[in-house]
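Notes follow the structure.
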Protein chains: 2
Amino acid sequence: MATIADVASYTGLSRATVSRVINDYPHVSKDKRELVHEAMKELGYFPNTSARNLRNRRTNLVAVLIPRLTNPFFTLILDGIEKVAEENGFQLIICQTKSSKKKELEFLNLLQTKQVDGVIFTSIENDWEEIQPYTAHGPIILCNEYHHDATVPMVRLNQVQGSYLGTKHLIERGHKRLAYCMGSTSGLSNDRRKGFFQAVHEAGLEVKSEWIFHDTYTMEDGVKTFNKILSLTERPTAIFTGGDEVAAAMVKEAKRNGLDVPGEMAILGFDDQPIASMIEPELTTIYQPGAEIGGRAMTIFMDCLKGKRDRISQSVMELPLSLVIRKST
Amino acid sequence: MATIADVASYTGLSRATVSRVINDYPHVSKDKRELVHEAMKELGYFPNTSARNLRNRRTNLVAVLIPRLTNPFFTLILDGIEKVAEENGFQLIICQTKSSKKKELEFLNLLQTKQVDGVIFTSIENDWEEIQPYTAHGPIILCNEYHHDATVPMVRLNQVQGSYLGTKHLIERGHKRLAYCMGSTSGLSNDRRKGFFQAVHEAGLEVKSEWIFHDTYTMEDGVKTFNKILSLTERPTAIFTGGDEVAAAMVKEAKRNGLDVPGEMAILGFDDQPIASMIEPELTTIYQPGAEIGGRAMTIFMDCLKGKRDRISQSVMELPLSLVIRKST
DNA sequence: CGATTTCATGGAATCGATTACAAACATCAT
DNA sequence: ATGATGTTTGTAATCGATTCCATGAAATCG
């Protein structure tokens, strides 16, 4: 491979001058500039990125932590991040955490070793105190996540408002007994729960503890949970789910059991994924602007890197969720 | 940030010795080794990746070219690649081409500048002759793609066999008039078409040119195409689609029009995405082992990098597709 | 015991760029 | 003519690691 030294000796100029041409700096005469360009083409020269990174102390790489690539909502976020990254000449390194605390910390190693300029979390597994020390090594942005004591910029969706909206909708449809399915016990889940109970209490309703279900993520979880609900003696008439996959699976299972949706059981989704409008009845769900939140996070990341923005003090940007009423409620 | 020189002077040793400890080389006495480890911890030292990359002429990074992140089939491939990459200490850089020839070539720049050790294509836009020169700079693997004259390893699915299987199934169900929807005019599409017509000709059937539809990718395309099919005077009774999204949208549109699926119209999907088993009736479709093909491609990539395998001569690994019979046919 | 091999360590070159500083020269106002 | 200013170019240091080679000490061997 040709190096900058080869180009220099080929043209009879110094490496410094060649470098100036490469980086399009001023103070290089027109003829030398052209000479260098020709030589680069002639020799098949391309600047070595590792060398540049070392010298410039920049890699133009961001690590994006994501639980699973096969989760459409997260790829939507990723898509939003990618768009802004591309506009800024940044590349993304995908880090699939599979929801493992250990893996999450391993990926932060990329930051310490300066393989990436910063990190965007689309979900956090560890406590903030575990993460905090890493903020010394570069910008860390939380996207779609919130930690009360995190000293970094966060872009989040107003989950409280979103679940409040959805729950209120169920109540307005006349439902008095609501089942609630949640995922993990993350900050995000807590917010949804808050919104749910806010609406419930406002309406003066009661939610029995056996109507609350934990760790429902996948379609299989949806089927299982739905059957648990069916077997309850005092059965809820509406279900608040943590995601469209779960909701879709429940709708299907309901039909398999001869239950009318929404007549005998109303089911509310979350995310507004493509599947929501493909199944029958179409899912009423809560739209989360995934691509937008990703884009915002990446924009903030760039501002931090450029020093336009403080990266080690807390800031929160909040986007609203909206209810999409279809046929399942 | 602490450097190796800091660790060296802190311990009173040379950089060479510290480096040996970092890389776990032999010929370092036990006490010095411990001394260095303590010093590293004490100083908060982490080896700089850019410096290592420069010196080692390796980045442990692969660029993965993918049309869209929001296409579930491709994220499945990505997931398979990621798994093997992780086992080998490699990271993935995502390159979303959005099916643009120009972007695709831009991403190949990562290879020339040695930002990545190699490239995996999950889809190719440019002609092979455009890509070929880049093979000089590192391993290039085609995953789920095939180019007749490509001089690199390819891992592909037997699309001819897959579409033959699906088409034969439709014929066995008694259908005589088959509509055929294809995507682009890539090698992959050609293969599917070949399998389709093979089955059709074997059965002595005829396919009118107005039963063939191009550029059907999305759900919207599905709806549009379905309506075109409905308006035909001599209407087909079965549809071979290029993907489950298209098929799902068609099933839905059929129901909206009061047509029974599969009674009045059989619809065959492709991919076996989660949505296939969520809609009603469930889609008969062709299962493509996405994760597996990704994993295989990455394994081959590693072999090329280790020199265990020739990277600039053609080799083809072909995996079979299988028919998943459900309710839409 | 002397010769040979192995171990432990350091010095210095190297990977391939960028950039501070200096020097040579041209331009221009006074 | 003098000094100030700006342009063009080169020299050499630097970024932070790895590794070849050399050296002395210790272990092994006949």
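Residue numbering restarts at 1 for every chain, and letters A, B, ... go by the order of the sequence lines.
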_Rounded to whole Å, how long is the line connecting atom CD of B:Gln115 with atom P of C:dA17?_
14 Å
*asked:* Please tell me if B:Lys32 has a side-chain N or O lying less than 4.0 Å from either OP1 or OP2 of C:dA8.
replied: no
*Partners meeting salt bridge (charged side-chain N to carboxylate O under 4.0 Å, His left out) with B:Glu86 (sequence neighbours left out)*: A:Lys103
Under 3.5 Å, which donor-acceptor pairs do the side chains of residues 132-155 of chain A form with other protein atoms, sequence neighbours left out?
unit_1	atom_1	unit_2	atom_2	d
A:Thr135	OG1	A:Gln132	O	2.7
A:Glu145	OE2	A:Ile124	N	3.2

Identify all side-chain donor-acceptor contacts of residues 87-97 of chain B below 3.5 Å with residues at least two apart in sequence or on another chain.
unit_1	atom_1	unit_2	atom_2	d
B:Asn88	ND2	B:Val84	O	2.8
B:Gln96	OE1	B:Leu69	N	3.0
B:Gln96	NE2	A:Asp79	OD1	3.0
B:Gln96	NE2	A:Glu82	OE1	3.1
B:Thr97	OG1	B:Ser99	N	3.2

*C:dT14 P sits how many Å from B:Arg58 CZ, rounded?*
24 Å
*Give A:Arg15 one of three labels, base, sugar-phosphate or nothing, depending on what nucleic acid heavy atoms sit under 4.0 Å from its own.*
base
_A:Glu125 side chain vs A:Glu104 backbone, donor-acceptor pair below 3.5 Å_ = no
*Those residues that, when tested against B:Arg57, pass side-chain contact (heavy atoms from CB on, under 4.5 Å) (two or more places apart)*: none
*How many Å lie between CD on A:Gln112 and P on D:dG16, as a whole number?*
16 Å
*Round to the nearest Å and state the distance from B:Leu13 atom CG to C:dG10 atom P.*
5 Å
*Figure out the CG/P separation between B:Asn23 and D:dT18, and round it to whole Å.*
4 Å
*Would you call B:Lys102 and B:Glu106 a salt bridge, using N to O less than 4.0 angstrom?*
yes
*asked:* Checking A:Arg52 against A:Asn60: is there a side-chain donor and acceptor pair closer than 3.5 Å?
replied: no
*Side-chain N,O (B:Tyr25) to OP1/OP2 (D:dT19) below 4.0 Å*: yes
*Base, sugar-phosphate alone, or nothing: which one does A:Thr17 contact when heavy atoms must sit under 4.0 Å apart?*
sugar-phosphate
*Can you tell me how far C1' of C:dC7 sits from NZ of B:Lys30, to the nearest Å?*
16 Å
Is there any protein nitrogen or oxygen under 3.5 Å from a nitrogen or oxygen in nucleotides 22-27 of chain C, and what are the pairs?
none

*Rounding to a whole Å, what distance do you find between B:Ile4:CD1 and C:dG10:C1'?*
13 Å
*Rounded to 10°, tell me the angle between the two end axes of the helix from C:dC1-D:dG30 to C:dT30-D:dA1, each built from five pairs.*
40°
Show me the donor-acceptor pairs, under 3.5 Å and distance only, between side chains in residues 290-301 of chain B and residues at least two apart or in other chains.
unit_1	atom_1	unit_2	atom_2	d
B:Glu292	OE2	B:Arg296	NH2	2.9
B:Thr299	OG1	B:Gly295	O	2.9

*asked:* In whole Å, I'd like the distance from the CG atom of B:Leu43 to the P atom of D:dG16.
replied: 14 Å
_Is B:Ser14 close enough to C:dG10 that one of its side-chain N or O atoms is under 4.0 Å from OP1 or OP2 there?_
yes
_Any pair counted as side-chain hydrogen bond (donor to acceptor under 3.5 Å, both in side chains), so long as it reaches residues 40-50 of chain B, sequence neighbours left out_ = A:Thr113-B:Thr49
*salt bridge (charged side-chain N to carboxylate O under 4.0 Å, His left out) against A:Asp6, all qualifying residues, sequence neighbours excluded*: none
*Find which nucleotide of DNA chain C each of B:Ala16 and B:Arg55 is nearest to by heavy atoms, and output the residue with the more 5' nucleotide.*
B:Ala16
*Among all residues two or more places apart in sequence or in another chain, which pass the salt bridge (charged side-chain N to carboxylate O under 4.0 Å, His left out) test with B:Arg58?*
B:Asp117
*Between B:Val62 and B:Val116, is any pair of side-chain heavy atoms under 4.5 Å apart?*
no
*Using a heavy-atom cut-off of under 4.0 Å over every strand shown, decide if A:Ser29 touches base, sugar-phosphate, or nothing.*
sugar-phosphate
*asked:* Can you give me the closest heavy-atom contact between A:Pro47 and A:Ile22, atom names plus distance?
replied: CG-CG2, 4.4 Å
_Given D:dT8, D:dT18, C:dT19, the nucleotide with the shortest approach to the side chain of A:His27_ = D:dT8
*Can B:Asp24 and B:Arg33 be counted as an ion pair, charged N to O under 4.0 angstrom?*
yes
*When you measure from every atom of DNA chain C, which of residues 45-53 of chain A have a heavy atom less than 4.0 Å away?*
A:Tyr45, A:Phe46, A:Pro47, A:Asn48, A:Ala51, A:Arg52
*Is there a side-chain polar atom (N or O) of A:Thr3 under 4.0 Å from OP1 or OP2 of C:dG16?*
no
*Quick one: do B:Arg156 and B:Val316 satisfy side-chain contact (heavy atoms from CB on, under 4.5 Å)? Show the steps, please.*
CA-CA 7 Å; B:Arg156 63 188 300 217; B:Val316 180; 3.6 Å; yes
_Quick check on contacts: within residues 33-42 of chain A, what sits under 4.0 Å from DNA chain C by heavy-atom distance?_
none
